[in-house]
Every structure is written in structure tokens, then in C-alpha cells.
Amino acid sequence: MSEIQDEMSFWDHLEELRWTLFRCIAALMIFAIGAFASIHYLFDYVILAPCSSDFILYRWMCKVSVYLPFFPDFCDQNFDVTLIQIKMATQFFTSMSTSFWIALLLTFPYLMYEVWKFVSPALYPHEQKSVRWVFFFGTIMFFIGCAVGYFLVFPMTFRFLMTYDLSSDRILGGVSLESYMDSFLMLIFIMGVIFEMPLLSWLLSKVGLLNRSFFRKYRRYAIVGLLVLAAFITPSGDPFTLAVVFFPLYGLYELSAFFVKEPPKEDDEEEEEFDDKVVYPNG
């Protein structure tokens, strides 16, 4: 810990926090203004891209379906969803809120840097090295999760829900702009947070709350839970869609197990002795 940091008073720390928050808010405002200025382009070519049959995922799956007969049908060129505005000011307020979320996504690395710069002087040198990699790895995993949400999870969910109908004669299909944006932002940011699971596991391992035996012990339960989560995220009935979402989630589980510490040998021996003594019903 540096001598300068030791000499800082409570009010000096408060002043540093104030400037950190100011820089973060200023960065968000600048990027939000930039996103608002280009919001029409972002909506036409990025946000609303899954509404059309020429979306990259649909085209790729259409090519794959030629070789796999059990594959879902993604070759329907008539898939084209038009969103509905219900309230008069929906488009204006949606453009403002979406600009903020885009700014938050784009400034995420800088915000993590500001947090790191604020907390790093209070850490020891060996702690600074570890935490630096935590912020770097966490940022990358967050963006990978958001990319998976945008290119895979949301389009699969959206296309299934928009092509599912109870009665094509008496129920008109359509989706409101608010409903679309709520699902769009929720799924993308949820996937970004889910991809932070290895980082969270590593942090819990560092403080001694988690070790690798936990993942070995509860692997079967985790598989069932991840299958349920995958089915909830993509409510499609075909096994391929379920597998496409399940395997990345299970890969995160195994990656989390890789990053945590091995349990102490004494704990392993006690766990084995406990398993030997327990008498399970039905053999």
C-alpha cells in the first residue's frame, strides 16, 4: 500500500469517489448522446435485425437444415415481423431508454477500469495482479454472454414465439414495441450476467467459500437445473434448440469448476468416509 494512499483522509477518499462517479456518468452521457444520434440506424440494422428472415442466424441454420432432416425449419423467407406502437410516445421513450442501455454496454470496459482504479490503491501488490485479471476476464465474459444472447438465444426464442399460433384464423399475430424491447434487453443482459458465473466462482473460491468438490458433488443436479433453465430461456419443443442453449450453459459450469481450488485433502477423506458410512435406500 503506497504512502500517498496511507496519508489520504476520509474526505480525500470521498473526493476521489466523487470524481470517479463524475467520470462514469460523463462517459455514459457522451455515449448515450452518440447512441441517440444514430438510433435509427441501430434499430434498422441491429436491434430489429432478428425480425427479418435474412438475419445471420436464420440463414446459417437454413443451410445446416439441408443436411439434417430433424433440424427446425428456418428457410421460410416470408418471416417478417412488424412491431406495433400502442402508446403515442412509445417510440420516443424507447429510443431514449435504448440509448442508455447501449451506452452502458459500450462503456462497460471503461466503467470497470474506473472501479479498478478506485479500489486498486487499497490492495497489496499481489492482490492487485489478481484483481486486475478478474476485471479483464469478467469484461470479456460479459461481452461474450451478450453476443450469445443477441446472435443465438434471443433470435431462437423470438422466432419460435412469433411462429407459434393457437388459431391462425381468429388470433392476429403481432408484438408491441415495448414487449419486443423488454425481451430483447432482458435476454441479452441475462446472458451477459450468466457468463460471469466462472468469475463469481473464482471469487468465492478465493475467500474459501467454494471448492471443486462442490461441482463434483452437485453435477447431476446442476445438469437438471441447467436443462430447466435452457427450456425456460428457449421455450421451443425441438431438442436441437434446447441443446444449443444447454451446452454453453453446461460449459460455463465446467469452466467455473476449473477456476476454483481443489478441496483440502482432509475434506476429501472425510467426504469419502461419510459416503461409505451412509446407507442409501433401495441398495
Side-chain angles (χ1 to χ4, degrees), residues 50 55-58 60-61 64-65 68 70-74 105 108 133-164 182-263 267-268 271-272 274-275 278 280 282:
F55 186 63
I56 182 172
L57 177 69
Y58 305 152
W60 179 81
M61 286 193 167
V64 176
S65 63
L68 299 175
F70 60 88
F71 209 75
D73 180 22
F74 282 90
L105 180 66
F108 188 77
W133 284 107
V134 167
F135 282 109
F136 177 74
F137 180 73
T139 301
I140 291 179
M141 293 300 293
F142 177 78
F143 279 116
I144 292 176
C146 290
V148 170
Y150 175 76
F151 288 104
L152 181 63
V153 176
F154 176 76
M156 298 282 280
T157 305
F158 177 71
R159 178 140 185 171
F160 168 77
L161 294 177
M162 293 308 300
T163 55
Y164 181 85
D182 289 343
S183 301
F184 180 84
L185 295 172
M186 179 188 70
L187 286 177
I188 289 177
F189 277 92
I190 280 180
M191 292 305 298
V193 172
I194 289 176
F195 268 67
E196 298 288 349
M197 187 168 64
L199 175 61
L200 177 61
S201 300
W202 181 84
L203 291 174
L204 293 176
S205 175
K206 277 292 185 180
V207 298
L209 298 178
L210 191 65
N211 57 53
R212 202 165 294 177
S213 64
F214 173 86
F215 292 91
R216 288 197 295 263
K217 183 178 180 181
Y218 294 100
R219 179 172 281 110
R220 288 176 294 180
Y221 304 102
I223 292 175
V224 175
L226 292 175
L227 280 171
V228 173
L229 179 61
F232 175 77
I233 293 176
T234 56
S236 175
D238 62 279
F240 175 80
T241 305
L242 184 66
V244 164
V245 179
F246 167 75
F247 282 112
L249 296 178
Y250 181 71
L252 287 175
Y253 182 86
E254 295 296 340
L255 185 63
S256 301
F258 174 78
F259 278 107
V260 301
K261 298 178 181 178
E262 286 282 0
D267 292 349
D268 277 346
E271 186 175 340
E272 291 177 1
F274 177 78
D275 290 338
V278 172
Y280 296 96
N282 299 327

A.B. asks: Find out whether the Lys NZ or Arg CZ of R219 is both under 6.0 angstrom from the six-membered ring centre of Y253 and within 45° of the ring's axis.
C.D. replies: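 Pair R219/Y253 does not count as cation-pi.
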A.B. asks: Given the side-chain rings of F142 and F108, with only the six-membered ring counted for Trp, is the space between their centroids under 6.0 Å?
C.D. replies: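 Ring-ring flag for F142/F108: true, centres closer than 6.0 Å.
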A.B. asks: What are the two closest non-hydrogen atoms of N211 and F215, and how far apart are they?
C.D. replies: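 N211 and F215 have their closest heavy atoms at O-CD1, 3.8 Å.
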A.B. asks: Report yes or no: does S205 contribute a side-chain atom to a donor-acceptor pair with the main-chain N or O of S201 at less than 3.5 Å?
C.D. replies: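 No, S205 side chain to S201 backbone: no donor-acceptor pair under 3.5 Å.
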A.B. asks: Show the nearest heavy-atom pair for residues I223 and F246, with the distance to one decimal.
C.D. replies: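 Result for this residue pair: O-CE1, 3.7 Å.
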A.B. asks: Do side-chain atoms of Y58 reach the backbone of P50 as a donor and acceptor pair under 3.5 angstrom?
C.D. replies: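 Here the side-chain-to-backbone pair exists.
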A.B. asks: May I ask you to test the M191-F195 pair for a side-chain heavy-atom distance under 4.5 Å?
C.D. replies: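 In short, these two side chains touch, coming nearer than 4.5 Å.
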A.B. asks: Are the ring centres of F55 and F158 closer than 6.0 Å?
C.D. replies: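 Judged by ring-centre distance (under 6.0 Å), F55 and F158 do not meet the cut-off.
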A.B. asks: For L249 and V245, work out which heavy atoms get closest and say how close.
C.D. replies: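 So the two residues come closest at CG-O, 3.4 Å.
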A.B. asks: Rounded at 0.5 Å granularity, tell me how far CG in L200 sits from CD1 in I194.
C.D. replies: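 The CG atom of L200 sits 12.5 Å away from the CD1 atom of I194.
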A.B. asks: Could you walk me through whether C146 and L105 pass the side chain to side chain contact (heavy atoms under 4.5 Å, CB included) check?
C.D. replies: CA-CA 9 Å; C146 290; L105 180 66; 3.9 Å; yes
A.B. asks: Taking the side chain as everything from C-beta on, heavy atoms only, tell me whether W202 gets closer than 4.5 Å to S256.
C.D. replies: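 No, too far: nothing below the 4.5 Å cut-off.
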A.B. asks: Rounded to the nearest 0.5 Å, how far apart are CH2 of W60 and CG of L152?
C.D. replies: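 Here the interatomic distance stands at 9.0 Å.
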A.B. asks: Rounded to the nearest 0.5 Å, what separates atom CZ in F151 from atom CE in M156?
C.D. replies: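 Those atoms lie 15.0 Å apart.
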A.B. asks: Assign the ring pair Y218 / F214 to parallel, tilted or perpendicular, where the plane angle (0 to 90°) is split at 30° and 60°.
C.D. replies: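 The rings of Y218 and F214 sit tilted, inter-plane angle from 30° to 60°.
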A.B. asks: Is I140 atom CD1 crowded by more than 12 heavy atoms from other residues, nucleotides or ligands, each under 6.0 Å away?
C.D. replies: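 Check passes, neighbour count above 12.
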A.B. asks: Looking at G138 and L199, what are the two nearest heavy atoms and their distance?
C.D. replies: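 Closest approach of G138 to L199: CA-CD2, 3.7 Å.
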A.B. asks: The criterion is side chain to side chain donor-acceptor pair (under 3.5 Å); which residues satisfy it with Y250, sequence neighbours excluded?
C.D. replies: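 Side chain to side chain donor-acceptor pair (under 3.5 Å) list for Y250, sorted by chain: E254.
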A.B. asks: Could you check whether any side-chain heavy atom of V64 comes within less than 4.5 Å of a side-chain heavy atom of F74, counting everything from C-beta outward?
C.D. replies: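 The answer is no; the side chains never approach within 4.5 Å.
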A.B. asks: Which atom names give the shortest non-hydrogen contact between L255 and M141, and what distance separates them?
C.D. replies: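 Closest approach of L255 to M141: CD2-CE, 4.3 Å.
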A.B. asks: Please report the interatomic distance CG(L252) to CZ(F247), rounded to the nearest 0.5 Å.
C.D. replies: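 One finds 13.5 Å between CG of L252 and CZ of F247.
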A.B. asks: Measuring only between side-chain heavy atoms, which start at C-beta, is R159 closer than 4.5 Å to L57?
C.D. replies: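 Not touching, per the 4.5 Å side-chain cut-off.
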